[in-house]
Amino acid sequence: MSLPFNIASHLDTSLRAAAGQLGMLDRGFEPEVRVADPTHGDFQANGALAFAKREKQNPRVLAQQIVDRLGGLAGDFEIGLAGPGFINFRLKPAALLAWLLAYDSETHLQTGAARARAGQKWIVDYSSPNTAKQMHVGHLRSAVIGEAICRLLAFSGAHVVRDNHIGDWGTQFGKLIWAYKRHLDPAALAAEPLEEFERLYKLGNNAAAADSAVLTAAQQELVRLQNGDAGNLAIWQKINDASLAAFQQIYDQLGIKFDVTLGESFYNDKVDRVYRELTAGGLAQESEGALVVFHPEHPRFKTQPFIVRKKDGASNYASTDLATILYRAEHFQVDGAAYVIDFRQSDHLAQLFLTARKWFEKTGRKLPQLEHVDFGTVLGENNKPLQTRDGEHIRLKALLSEARERAYSLVTARSPEAPEAERRAIADIVGVASVQYADLAQNRSSDYVFAWDKMISLEGNTAAYLLYAVARVHSIFRKAGMDVLQPPIAGASAPATAAEINLARKLTQFADAVQLATNSLRPHYLCTYLHELAGEFSTFYGADKVIVDEAPVRARRLLLCHRTLVVLETGLHLLGLRPLERM
RNA sequence: GCACCCGUAGCUCAAUUGGAUAGAGCGCAUGGCUACGAACCAUGAGGUUGGGGGUUCGAGUCCCUCCGGGUGCGCCA
């Protein structure tokens with residue numbers, strides 16, 4: 001019997017069966033299987049300890065009773081008992097070989113992984129910039145982390161809807177339209193539309209500040225827009241279209257393609273229902289002229305209101321966010337929604353989710369699982385939010401160009417003999433991947449310091465280290481005149497050297513890394529894994545020559561190389577990075 | 001004032017959510033290219049996990065309390 005894709009779940013199942021025979025299952029036994037330190041084994045089960053503690057039994061005796069009922073695993077694992085009651089599992093070389101033979105492509109890895117969330121539907125709300133403004137460094141993390149999360153969820157079998165919840169209905173449009181009508185430079189609009197919109201907005205803003213007549217005129221433009229004035233709507237539409245086209249240039253570099261772009265304007269006609277239902281349900285109340293929701297049971301939200309309608313009657317982002325949840329539940333019928341948004345909006349989202357829960361309860365609806373995927377700030381090397389020297393936001397477009405340029409200098413220094421076009425192509429991938437990876441590799445909850453040297457110096461836990469490992473595998477096949485798509489692995493013997501075994505066992509842990517990253521919505525777990533895998537490969541590469549005369553040895557080493565390639569490339573795809581064959 | 005997040009090696013960060021001797025990378029020291037890519041590998045030094053108390057078989061992780069940093073708190077999103 002061959003091992004399934006996810007070995008940890010396989011062990012979990014067997015342990016539950018054994019515990020069931022002992023009558024432990026209905027008393028809350030949890031196997032707690034996890035990847036183990038190599039000194040102990042490949043996987044370990046800790047569940048006997050917690051269970052014995054609760055039941056006031058001897059954990060070691062308990063663990064032994066479980067082990068005695070794991071006979072079915074004896075073919076694939078060496079099973080041991082250690083310490084106060086840890087159960088250790090070490091894969092036998094033949095089992096490692098069998099797993100490697102079975103999972104031979106990204107498709108088959110995905111088939112294995114896709115059981116976890118088959119039938120689920122998730123919507124991921126990420127990027128979500130404001131229109132009429134350029135994307136800046138503050139938009140980087142949501143886009144990069146959000147895309148990785150989409151890919152992880154999809155890989156795990158979920159149907160994923162990528163939603164760009166753009167800010168396309170702000171009060172800024174009054175001043176912008178006022179200026180647009182009077183000061184538009186058509187040539188600038190054609191060349192760099194967002195530059196032109198920003199110039200116009202500043203112009204309108206300054207004029208309104210200096211002259212109250214202009215301010216009034218701008219406010220009237222906004223009212224006209226909101227009342228459906230055809231001319232203003234056309235301008236508004238043009239601004240949004242141009243903005244989205246400019247955003248897409250960034251998204252193309254980051255490998256992002258949205259399924260839907262449903263911004264705030266989309267929910268304009270859907271907020272009245274929110275007001276009605278919240279009021280009818282007794283959840284919302286008038287306060288200082290506004291419609292607000294309090295949460296008496298909450299230490300802070302009992303006094304900090306959730307303002308769902310402003311005193312002037314207008315909606316705000318609380319109203320549209322509530323309407324958005326309803327739309328996602330009714331129209332998309334999602335099981336879950338992930339909001340990839342800055343940690344500074346934690347209060348807003350907590351109030352939003354709390355309000356939605358009560359609202360859905362009152363109205364008898366099923367609330368999707370709502371997750372705030374928060375992340376910290378991108379800091380400069382002075383530990384302050386990253387800015388240009390004159391205190392402006394750093395534009396994403398410029399940041400990505402600089403990444404490509406820096407990578408180009410490096411590639412040129414390393415490989416001056418390569419053709420210009422090839423160096424450019426490599427640099428485009430390495431540069432952007434470095435930025436993405438630097439963001440993903442760190443636990444999203446904390447701030448991170450943006451340091452060019454660290455991310456493109458190509459050492460340590462960086463994109464380049466992973467890409468280098470990929471390039472070296474390709475190189476082995478290329479030099480040996482073999483087709484990497486048809487690796488000659490027939491007759492491969494089981495992993496035998498220390499480096500081979502360490503690499504093989506690391507490969508089998510891919511499933512666990514994906515599951516951990518997906519369930520916690522934290523891509524850095526996958527990054528850590530891929531870095532460790534690339535490290536095991538480098539060690540193996542240095543220790544054991546692949547192209548040797550002895551056929552079974554050569555075949556098994558080619559097998560390891562090929563599977564390393566498949567897992568690394570699959571992992572890079574999951575993070576939203578593009579692999580390359582040479583660098 | 002109230003609330004939330006953070007504090008781990010000189011630096012940047014992990015630690016599978018309470019598990020085994022707290023691990024990586026950078027930097028530092030030493031060694032390795034006539035071996036498939038040295039953008040690499042091997043070995044080594046480096047820690048009172050901000051301080052103190054508590055919970056238990058077991059705490060970087062949970063609770064309390066100080067210290068230090070960040071963020072949010074009625075009509076921007």
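On a predicted model such as this, the values are computed, not experimentally measured, just so you know. Numbered from 1 within each chain, the chains take letters A, B, ... in sequence-line order. The analysis underlying the following values was restricted to heavy atoms, covering all of them including side chains, and did not include hydrogens, waters or symmetry mates.
On a pure distance criterion of 3.5 Å, no polar donor-acceptor pair joins the side chain of A/D37 and the base of B/rA15. Between the side chain of A/Q442 and the base of B/rA14, no donor-acceptor pair under 3.5 Å is found.
Comparing B/rU61 with B/rC6, their P atoms sit 12 Å apart, to the nearest whole Å. Using C1' as the reference atom, B/rU48 and B/rU8 are 12 Å apart when rounded to the nearest Å. The same atom, C1', is picked in B/rA9 and in B/rC13; the two are 11 Å apart, to the nearest Å. Going from the C1' atom of B/rG25 to that of B/rG1 covers 43 Å, rounded to whole Å. Spacing between B/rC63 and B/rU55 at atom C1', rounded to whole Å, works out to 7 Å. On the P atoms, B/rC33 is 24 Å away from B/rA45, given to the nearest whole Å. Comparing B/rG50 with B/rA42, their P atoms sit 30 Å apart, to the nearest whole Å. If you take atom C1' in B/rG53 and the same atom in B/rG74, they sit 41 Å apart, rounded to whole Å.
A stacked arrangement is assigned to A/F86 and the six-membered base ring of B/rA20, with a centre-to-centre distance below 5.5 Å and an interplanar angle below 30°. Once the 5.5 Å centre distance and the 30° plane angle are applied, the aromatic ring of A/H40 is found stacked with the base of B/rA20.
Pairing for B/rA45 is absent, judged as Watson-Crick or G-U wobble with the two contacts each under 3.5 Å. The partner of B/rG74, taking Watson-Crick or G-U wobble pairs whose two distances both stay under 3.5 Å, does not exist in any strand shown. Across the strands present, B/rA35 finds no partner; the criterion is a Watson-Crick or G-U wobble pair with both atom distances under 3.5 angstrom. Remark: B/rA9 base-pairs with no nucleotide; criterion is Watson-Crick or G-U wobble with both hydrogen-bond distances under 3.5 Å. Nucleotide B/rU21 forms a pair with no other nucleotide shown, judged by Watson-Crick or G-U wobble geometry with both contacts under 3.5 Å. In this structure B/rU55 sits in no base pair that meets the Watson-Crick or G-U test at under 3.5 Å.
The nearest heavy atom of RNA chain B to A/R582 and to A/S538 marks one nucleotide each, and the one closer to the 5' end goes with A/R582. Where A/T320 and A/L516 meet RNA chain B, the nucleotide closest to each residue was compared, and A/L516 sits on the side nearer the 5' end.
What you find for A/F294 and A/T303 is that their closest heavy atoms are CE2-O, 3.4 Å. The two residues A/I7 and A/L91 come nearest to each other via the heavy atoms CD1-CD1, 4.0 Å.
The pair A/R424-A/E405 meets the salt-bridge criterion, with a side-chain N (NZ, NE, NH1 or NH2) lying under 4.0 Å from an Asp/Glu carboxylate O.
Residue contacts for A/F306: at a heavy-atom cut-off of 4.0 Å it reaches no nucleic acid atom on any strand shown. The residue A/A290 sits close to a base: some heavy atom pair falls under 4.0 Å. If you check every strand for non-hydrogen atoms under 4.0 Å, A/A471 touches a base. Using a 4.0 Å heavy-atom distance criterion, A/Q44 is classed as a base contact. Among the atoms of the strands shown, none is found under 4.0 Å from any heavy atom of A/D342. Within 4.0 Å (heavy atoms only), A/S346 reaches no atom of the nucleic acid at all. Within 4.0 Å (heavy atoms only), A/P305 reaches at least one base atom of the nucleic acid. At the heavy-atom level, A/S520 lies under 4.0 Å from base atoms of the strands shown. Within 4.0 Å (heavy atoms only), A/H348 reaches no atom of the nucleic acid at all. Across all strands shown, A/D544 has heavy atoms under 4.0 Å from base atoms, whether or not it also approaches the sugar-phosphate. Nucleic acid contact for A/A82: base, since at least one base atom lies under 4.0 Å from a heavy atom of the residue. Counting any heavy atom pair closer than 4.0 Å across all strands shown, A/S287 reaches a base atom.
Under a cutoff of 6.0 Å and an axis angle of 45°, A/R141 and A/F375 do not form a cation-pi pair. For the pair A/R34 and A/F43, the cation-pi test (distance below 6.0 Å, angle within 45°) is failed. Taking the centre and axis of the six-membered ring of A/F173, the NZ or CZ atom of A/K175 falls outside the cone set by 45° and 6.0 Å.
Donor-acceptor pairing under 3.5 Å is recorded for the side chains of A/S538 and A/R472.
Between A/F301 and A/H298, the ring-plane angle classifies as parallel under the 30° and 60° cut-offs.
The listed nucleotides are B/rU12, B/rA38, B/rC75; the one nearest the side chain of A/E288 is B/rC75. When distances are taken from the side chain of A/K311 to each of B/rC11, B/rC75, B/rU16, the shortest belongs to B/rC75. Which of B/rA15, B/rG25, B/rG19 sits closest to the side chain of A/H531 comes down to B/rG25. Counting only heavy atoms from C-beta on, A/F294 has its side chain closest to B/rG74 among B/rC36, B/rU16, B/rG74.
The distance from atom CG of A/D374 to atom P of B/rA3 is 20 Å, rounded to the nearest whole Å. Atom OH in A/Y317 sits roughly 11 Å away from atom P in B/rC76 (whole-Å rounding).
The aromatic ring centroids of A/H348 and A/Y317 lie less than 6.0 Å from each other. The six-membered or imidazole ring of A/H372 lies away from that of A/F353, with a centre-to-centre distance of 6.0 Å or more.
Residue A/Y465 has a polar side-chain atom (N or O) positioned under 4.0 Å from OP1 or OP2 of B/rC41.
Within the structure, the side-chain hydrogen bond (donor to acceptor under 3.5 Å, both in side chains) test picks out the following pairs touching residues 539-552 of chain A (sequence neighbours left out): A/T497-A/D544.
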Under 4.0 Å protein heavy-atom contact, by nucleotide of nucleotides 56-72 of chain B - B base, S sugar-phosphate only: -BB------------SS
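B/rU17 adopts a syn glycosidic conformation, its chi angle falling within 90° of 0.
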